[in-house]
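First up is the structure itself, then whatever we jot down about it.
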Amino acid sequence: AQSVTQPDIHITVSEGASLELRCNYSYGATPYLFWYVQSPGQGLQLLLKYFSGDTLVQGIKGFEAEFKRSQSSFNLRKPSVHWSDAAEYFCAVSLTGKLIFGQGTTLQVKP
Amino acid sequence: DTAVSQTPKYLVTQMGNDKSIKCEQNLGHDTMYWYKQDSKKFLKIMFSYNNKELIINETVPNRFSPKSPDKAHLNLHINSLELGDSAVYFCASSQDDKTQYFGPGTRLLVL
């Protein structure tokens, strides 16, 4: 069955440090891939997406993600984390019109 | 001029009651969705409608009945509420089954 795995349930980084959140998917073809962010008590905001083409995609708030077909991965990165980046991050794949989400990664930012 | 809006934002009710959640999108999209986020923050699709027609109906109790009066609105009616229905319900919309944009969520608490 198709699935999305975010191996890290919780990550803590210091403000200003770099960040990488991992995402792996299990799907026969290359699906549409997304990262969403959910701040406490808020809705889901789209950070970036990959449909095809350049495997390094840029998103909002200084985030980027790289699609690696050989590893079935779509990891999210940011070179320098800000305290306001503390939130829940969800990787998702689009399958026949519905989004399949990973379990989410909680990002905590230390001052 | 919120793109996807939901009402109410919070809903506290007694077990056995019937309640509705409303969703409206002003993006001109043709597809709308309902997702449920449980207490462990796991997100799962419930329904999707395309131009007022039900497209996706996941394994959801028939106490949940979506209704789409027009393609800009998708409401969710829940009969005989149970404790396990407590969750955050997100509405989303998309054009051509690609990028989905989410509303702020409705936090339902059943007592």
Side-chain angles (χ1 to χ4, degrees), chain A residues 1-11 21 23 25 27 29-53 57-60 63 65 74 86-108, chain B residues 2-10 21 23-25 27 29-51 53-60 66 74 87-109:
Chain A
Q2 291 79 14
S3 65
V4 179
T5 302
Q6 293 179 243
D8 305 305
I9 303 296
H10 192 280
I11 282 184
L21 302 182
C23 173
Y25 65 90
Y27 185 50
T30 300
Y32 297 152
L33 296 157
F34 305 85
W35 276 98
Y36 287 86
V37 61
Q38 183 179 23
S39 297
Q42 302 298 311
L44 292 159
Q45 182 181 23
L46 178 70
L47 283 176
L48 44 77
K49 60 191 176 187
Y50 174 78
F51 291 165
S52 65
V57 293
Q58 302 298 319
I60 62 171
F63 285 93
F74 188 55
E88 191 80 20
Y89 290 81
F90 293 95
C91 179
V93 304
S94 179
L95 176 64
T96 59
K98 65 182 179 183
L99 284 175
I100 308 294
F101 285 91
Q103 307 94 313
T105 297
T106 303
L107 174 64
Q108 185 178 2
Chain B
T2 305
V4 182
S5 59
Q6 296 178 227
T7 54
K9 187 169 184 180
Y10 298 96
I21 306 171
C23 178
E24 176 181 2
Q25 56 96 3
L27 298 167
H29 289 166
D30 54 14
T31 307
M32 297 183 72
Y33 311 80
W34 279 110
Y35 287 82
K36 178 179 179 181
Q37 184 176 43
D38 64 22
S39 58
K40 295 182 179 178
K41 299 190 178 179
F42 184 67
L43 282 148
K44 187 174 180 188
I45 190 166
M46 300 173 70
F47 303 102
S48 83
Y49 269 74
N50 181 281
N51 274 318
E53 184 179 338
L54 181 65
I55 301 298
I56 295 174
N57 185 351
E58 292 290 289
T59 309
V60 177
L74 179 62
V88 183
Y89 293 85
F90 286 103
C91 177
S93 73
S94 74
Q95 185 66 28
D96 301 329
D97 284 342
K98 287 193 170 177
T99 307
Q100 294 185 26
Y101 295 92
F102 285 78
T106 295
R107 285 142 186 85
L108 171 65
L109 178 60

### Task
Mind ranking A/Leu46, A/Leu44, A/Ile100 by heavy-atom pairs under 4.5 Å with chain B and telling me who comes out on top?
A/Leu44

[X] versus chain A, heavy atoms under 4.5 Å apart: side chain, backbone, both or neither?
| X | value |
| --- | --- |
| B/Ile56 | side chain |
| B/Thr99 | both |
| B/Gln37 | side chain |
| B/Lys98 | both |

### Query
Which residues pass the salt bridge (Lys or Arg N to Asp or Glu O under 4.0 Å) test with A/Asp8, sequence neighbours left out?
A/Arg22

### Query
Could you give the distance from CZ (B/Phe102) to CZ (A/Phe90), rounded to the nearest 0.5 Å?
10.0 Å

### Message
Measuring from atom CD1 of A/Ile9 to atom NZ of B/Lys40, what distance do you get when rounded to the nearest 0.5 angstrom?
### Response
10.5 Å

## Note on the structure
Greatest number of non-hydrogen atom pairs under 4.5 angstrom with chain A, of B/Lys44, B/Gln6, B/Arg107, falls to B/Arg107

### Query
Which region of A/Lys98, side chain (C-beta onward) or backbone (N, CA, C, O), has a non-hydrogen atom less than 4.5 Å from a non-hydrogen atom of chain B, or is it both or neither?
both

### Task
Give, as side chain, backbone, both or neither, the part of A/Gln38 having an atom under 4.5 angstrom from any heavy atom of chain B.
side chain

### Query
What pair of heavy atoms forms the shortest contact from A/Phe101 to B/Phe42, and how long is it?
O-CE1, 3.8 Å

### Query
Do you know which two heavy atoms are closest between B/Tyr35 and A/Leu99, and how far apart they sit?
OH-N, 3.0 Å

### Task
Please check if the side chain of B/Gln100 supplies one atom and the backbone of A/Gly97 the other of a donor-acceptor pair under 3.5 Å.
yes

### Query
Within a radius of less than 6.0 Å around CD of A/Gln58, do more than 12 heavy atoms belonging to other residues, nucleotides or ligands occur?
yes

